[in-house]
Amino acid sequence: MNKSVEPSYSRADFGEDFVWGVATAAFQIEGAANTDGRGRSIWDTFCTKEEAIADGSNGDVACDHYNRLEQDLDHIADLGVNAYRFSVSWSRVRPSGDGPWNEKGFDFYDRLIAGLEQRGIQAHLTLFHWDLPQALDDRGGWLDEKVLDCFVEYAQEVTRRFGHRLASICTFNEPWVISILGYEKGVFAPGVQDRAVAMQVAHNILVAHGRAVRAIRATSPSLSTGIVLNMSPIYAASEDPADTEKAKIDDGLIVRWYMDAICFGRYPVDVLSYLGKDEPAVNAGDMSVISEPIDFIGVNYYTRNFASTGNPWDVSSTGNQVTDMGWEVYPDGLCELLCRLHADYNVCKLMVTENGAAFKDEVIDGFVNDLERQSYIQNHIAATLDARRRGVPVDGYFVWSLLDNFEWASGYEKRFGIIHVDYETLERTPKASSLWLTKYLTGAI
Ligand code: IFM
């Protein structure tokens with residue numbers, strides 16, 4: 001499937017205002033874990049747990065982005081994108097999650113945003129991409145009402161300082177991942193395995209989101225404010241009614257739980273009854289906080305999923321290509337998902353805030369000819385255009401990711417970057433996919 005065929009669309013087909021970007025997250029690229037007063041986060045702790053990270057690595061150095069900011073900004077500019085999506089490390093700007101702010105931490109993000117401004121690139125800021133300050137987790141983390149207060153203060157302070165310089169702000173990245181992988185499956189930080197706790201965290205994070213939206217609005221009323229959700233179409237693995245039912249519940253847990261709450265101020269009844277005793281406690285007024293109107297929903301799309309009550313789903317059975325993460329390559333799922341979100345929720349604006357693929361890159365003569373990743377990106381851009389042509393208001397597309405980086409529990413073994421990082425020397429080398437993106441965005445093809 002190594003197609004290097006040029007796609008049949010051009011940048012102009014998306015219109016002048018379309019947002020073209022690359023995305024990263026603080027813990028995955030910054031490194032400088034002990035520099036300039038940064039505090040510890042739950043991911044620093046999780047990385048010390050035996051066997052938590054596939055290659056035993058951590059985020060101490062990562063891509064050393066903190067110390068290579070200018071060089072990385074130049075790489076972003078060279079791509080021809082007009083936007084960059086990044087996250088702020090809460091424990092860098094407020095080491096213990098509350099208490100004193102860390103000016104040196106804020107200086108870094110000030111320089112980052114200034115560097116984007118100088119290069120004419122929009123800044124899209126995410127407040128929380130999983131790296132909760134450890135001191136707050138020690139106090140009960142997302143189960144503690146006071147931690148929600150701290151998040152709101154953090155949202156307000158970041159907005160006060162930077163709001164007027166941002167193109168958008170997003171409260172949370174992928175609440176499903178935070179709650180389910182972190183608190184039910186325990187494969188991500190903080191490594192808890194308890195479904196009732198996970199669902200309470202899922203709820204509390206949505207409350208924190210709604211409260212932060214109100215604080216952001218009060219501070220910077222015209223700032224485009226949203227949330228980013230990871231979503232996939234879910235199919236039944238067979239015609240067995242049990243599989244059909246499971247597909248419906250899985251869809252409820254990953255899509256409707258968040259979308260119904262944010263857009264309609266309610267949780268799906270079938271999911272609540274499925275959860276039974278693990279249903280979260282909801283205080284009076286929570287659902288109206290959660291459904292505080294927002295300006296956009298970010299969609300992180302990588303693959304579709306199948307629900308099976310029998311043998312585990314065999315991803316190779318579709319005959320489609322599978323990435324190094326074991327995820328089926330299925331671009332049509334992106335168009336299908338965007339159309340469904342538009343039809344069911346009538347969201348005023350959607351953005352594809354992450355899309356990309358890990359493949360086993362081979363460095364030959366210092367170059368990565370990653371045609372599989374290139375074709376993945378091309379086909380998902382085509383799916384995004386398809387959705388636009390069907391009337392879906394999808395106004396942006398961000399490649400995940402700018403650089404190879406720390407892929408959470410997979411460590412550095414899975415490479416999503418369109419720019420290769422040599423983890424020995426930290427040298428960056430643009431891969432074929434990034435060279436294609438530049439040609440595409442600059443109108444050379
Ligand atoms: O690397 C992650 C990112 O942090 C969140 N979305 C999915 C990516 C790939 O797994």
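Count residues from 1 along the sequence. As the structure lists them, so they are numbered: ligands from 1, and atoms in each ligand from 1.
Contact atoms of ligand 1 toward Glu174: 5 (C), 6 (N), 7 (C) (distance under 4.0 Å to a heavy atom of the residue). The ligand atoms of ligand 1 that sit less than 4.0 angstrom from a heavy atom of Trp408 are 1 (O), 2 (C), 3 (C), 4 (O). Under a 4.0 Å criterion applied to the non-hydrogen atoms of Glu407, ligand 1 contributes the atoms 1 (O), 2 (C), 9 (C), 10 (O). Proximity to Trp130 (heavy-atom distance under 4.0 Å) selects the following atoms of ligand 1: 4 (O), 5 (C).
When side chains are defined from C-beta on, Tyr412 does not count as touching Asn405, because their heavy atoms never get closer than 4.5 Å. Residues Tyr397 and His380 have side chains in contact (heavy-atom distance under 4.5 Å, counting atoms from C-beta outward). Asp370 places none of its side-chain heavy atoms less than 4.5 Å from the side chain of Phe359. In this structure, Leu206 and Ile262 have side chains that are in contact, with non-hydrogen atoms separated by less than 4.5 Å. Looking only at side-chain heavy atoms (C-beta outward), Thr353 and His124 stay at 4.5 Å or farther from each other.
Cation-pi geometry between Arg211 and Phe151 is not met: the NZ or CZ atom fails to fall both under 6.0 Å from the ring centre and inside 45° of the normal. Figure legend: cation-pi geometry between Arg195 and Tyr274, with NZ or CZ positioned under 6.0 Å from the six-membered ring centre and within 45° of its axis.
The protein heavy atom nearest to atom 6 (N) of ligand 1 is Glu354 OE1, 2.5 Å. Of the protein's non-hydrogen atoms, the one nearest atom 8 (C) of ligand 1 is Tyr302 OH, 3.4 Å.
In Trp327, the part holding a heavy atom less than 4.0 Å from any atom of ligand 1 is the side chain.
Distances between N or O atoms of Asn173 and those of ligand 1 include no value under 3.5 Å.
Put simply, part of His129 is less than 4.0 Å from ligand 1, judged by heavy atoms.
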